Amino acid sequence: MVISGPSGVGKSTITREVVGRMGAFLSVSATTRPKSDKEENGKEYWFLSREEFEKQLREEAFLEYAEVFGNYYGTPRGQVDKALAEGKTVLLEIDVQGGRQIRRMYPEALMIFILPPSQGDLAGRMRTRDRGEDETTTRRRLEEASRETAEAMKYYNNMVINDDLEQAIREVIDIIQSNDGE
Ligand code: 5GP
């Protein structure tokens with residue numbers, strides 16, 4: 001299953017909770033974006049150089065990949081294949097471009113898009129997130145969020161509004177459970 005949503009919407013928190021409560025397998029993506037101080041290599045992401053990412057790309061090591069805000073992001077193929085073979089629910093937290101590729105490969109994939117209660121709320125969350133981003137980057141992310149949401153309407157059959165965190169987590173779990181075994 002795929003979880004997407006604009007940056008700052010709280011999808012990482014929701015995903016982490018869902019994975020913890022359901023015992024699903026969470027794919028750790030590779031990225032070329034710089035690691036923040038709070039992040040750990042192999043935990044949030046595998047942080048790779050552009051050269052290394054491109055090498056792995058040529059070796060077809062990624063199930064899907066996309067360029068987001070000038071950096072590469074990709075899902076390592078091996079870990080997903082292994083978890084699927086073991087019959088686990090596999091969760092990918094990726095952007096809409098990646099979601100579209102997964103949908104094409106796995107038409108049965110469950111697609112969930114997380115929405116903010118409002119555009120103003122998203123702007124507020126981005127500004128308080130403190131990744132040391134400047135205002136231009138924040139504005140760029142907000143514009144991207146509108147584009148991404150419009151695009152998501154075409155490929156995502158489930159929309160969850162993150163107004164109340166606990167309620168959003170429960171909604172995602174309900175969606176997964178009601179689709180189990182179909
Ligand atoms: P961030 O840098 O804020 O962690 O992530 C930026 C965007 O990249 C988010 O929308 C996130 O979901 C997306 N992303 C993270 N990993 C992957 C991946 O493996 N593939 C794709 N296509 N997008 C990803």
Side-chain angles (χ1 to χ4, degrees), residues 1-29 31 33 36 38-39 43-45 64 66-69 71 73 75 80 88-133 135-182:
M1 63 162 290
V2 173
I3 290 200
S4 303
S7 47
V9 79
K11 61 182 184 301
S12 304
T13 313
I14 294 174
T15 305
R16 211 173 32 239
E17 279 299 311
V18 169
V19 165
R21 294 184 202 184
M22 298 194 70
F25 175 83
L26 177 63
S27 155
V28 179
S29 298
T31 183
R33 90 147 156 74
S36 80
K38 292 179 199 146
E39 292 171 318
K43 195 164 167 236
E44 288 83 4
Y45 287 105
E64 62 72 40
E67 203 158 352
V68 186
F69 307 118
N71 292 302
Y73 291 83
T75 304
V80 172
K88 293 185 181 143
T89 297
V90 174
L91 220 141
L92 307 182
E93 187 200 322
I94 59 179
D95 85 325
V96 172
Q97 305 172 68
R100 192 174 49 213
Q101 297 171 52
I102 296 295
R103 187 80 211 240
R104 222 177 286 138
M105 277 181 275
Y106 302 97
E108 71 283 13
L110 190 56
M111 313 286 291
I112 301 181
F113 194 78
I114 312 287
L115 288 164
S118 69
Q119 179 83 353
D121 178 273
L122 189 63
R125 287 192 214 195
M126 281 186 188
R127 293 195 173 100
T128 53
R129 192 159 67 150
D130 189 25
R131 270 208 197 145
E133 281 175 7
E135 187 60 27
T136 315
T137 307
T138 303
R139 210 166 321 120
R140 214 153 47 98
R141 283 190 187 263
L142 276 173
E143 283 164 13
E144 183 56 29
S146 305
R147 259 197 304 277
E148 203 171 19
T149 305
E151 184 73 5
M153 296 292 176
K154 301 184 204 156
Y155 306 102
Y156 290 67
N157 38 14
N158 299 279
M159 301 277 172
V160 170
I161 297 172
N162 184 16
D163 192 358
D164 175 83
L165 179 63
E166 183 56 32
Q167 195 186 327
I169 294 164
R170 290 208 185 134
E171 266 180 54
V172 171
I173 292 176
D174 274 355
I175 292 168
I176 299 171
Q177 285 175 342
S178 60
N179 280 273
D180 232 12
E182 270 179 24

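Everything numeric here is computed off the predicted structure, so don't read it as measured data.
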Undergrad: Heavy-atom distance under 4.5 Å between the side chains of Ile169 and Glu166, does that happen here?
TA: yes
Undergrad: Is Glu148 reaching over with its side chain to a backbone N or O of Val96, donor-acceptor style, under 3.5 angstrom?
TA: yes
Undergrad: Identify the heavy atoms of Asn162 and Gly10 that sit nearest to each other, and give their distance.
TA: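 Heavy atoms of Asn162 and Gly10 come nearest at ND2-CA, 4.0 Å.
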Undergrad: Can you give me the closest heavy-atom contact between Leu91 and Leu26, atom names plus distance?
TA: O-CD1, 3.6 Å
Undergrad: A side-chain contact here means heavy atoms from C-beta on lying under 4.5 Å apart; do Met153 and Met159 qualify?
TA: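 Yes, close enough: below the 4.5 Å cut-off.
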Undergrad: For the residue pair Arg104 and Arg100, establish whether any side-chain heavy-atom pair is separated by less than 4.5 Å.
TA: yes
Undergrad: How long is the straight-line distance from CG of Leu122 back to CG of Leu115, given to the nearest 0.5 Å?
TA: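 Result: 10.0 Å between the selected atoms.
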Undergrad: Would Val172 and Ile114 count as a side chain to side chain contact (heavy atoms under 4.5 Å, CB included) here? Give the steps.
TA: CA-CA 9 Å; Val172 171; Ile114 312 287; 4.2 Å; yes
Undergrad: Could you pull out the closest heavy-atom pair between Met111 and Gly99, with the gap in Å?
TA: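 Heavy atoms only, the tightest pair is CE-O, 3.4 Å.
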Undergrad: Rounded to the nearest 0.5 Å, how far apart are OH of Tyr45 and CD of Glu39?
TA: 7.0 Å
Undergrad: Are Glu143 and Arg147 ion-paired here, with the side-chain N under 4.0 Å from a carboxylate O?
TA: no
Undergrad: Salt bridge or not between Glu44 and Arg33? Use side-chain N to carboxylate O under 4.0 Å.
TA: no
Undergrad: On the six-membered ring of Phe69, is Arg140 placed so that its NZ or CZ lies under 6.0 angstrom from the centre and within 45° of the ring axis?
TA: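 Arg140 over Phe69 ring: no.
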Undergrad: For atom CZ of Arg103, is the number of surrounding heavy atoms from other residues, nucleotides or ligands below 6.0 Å larger than 12?
TA: yes
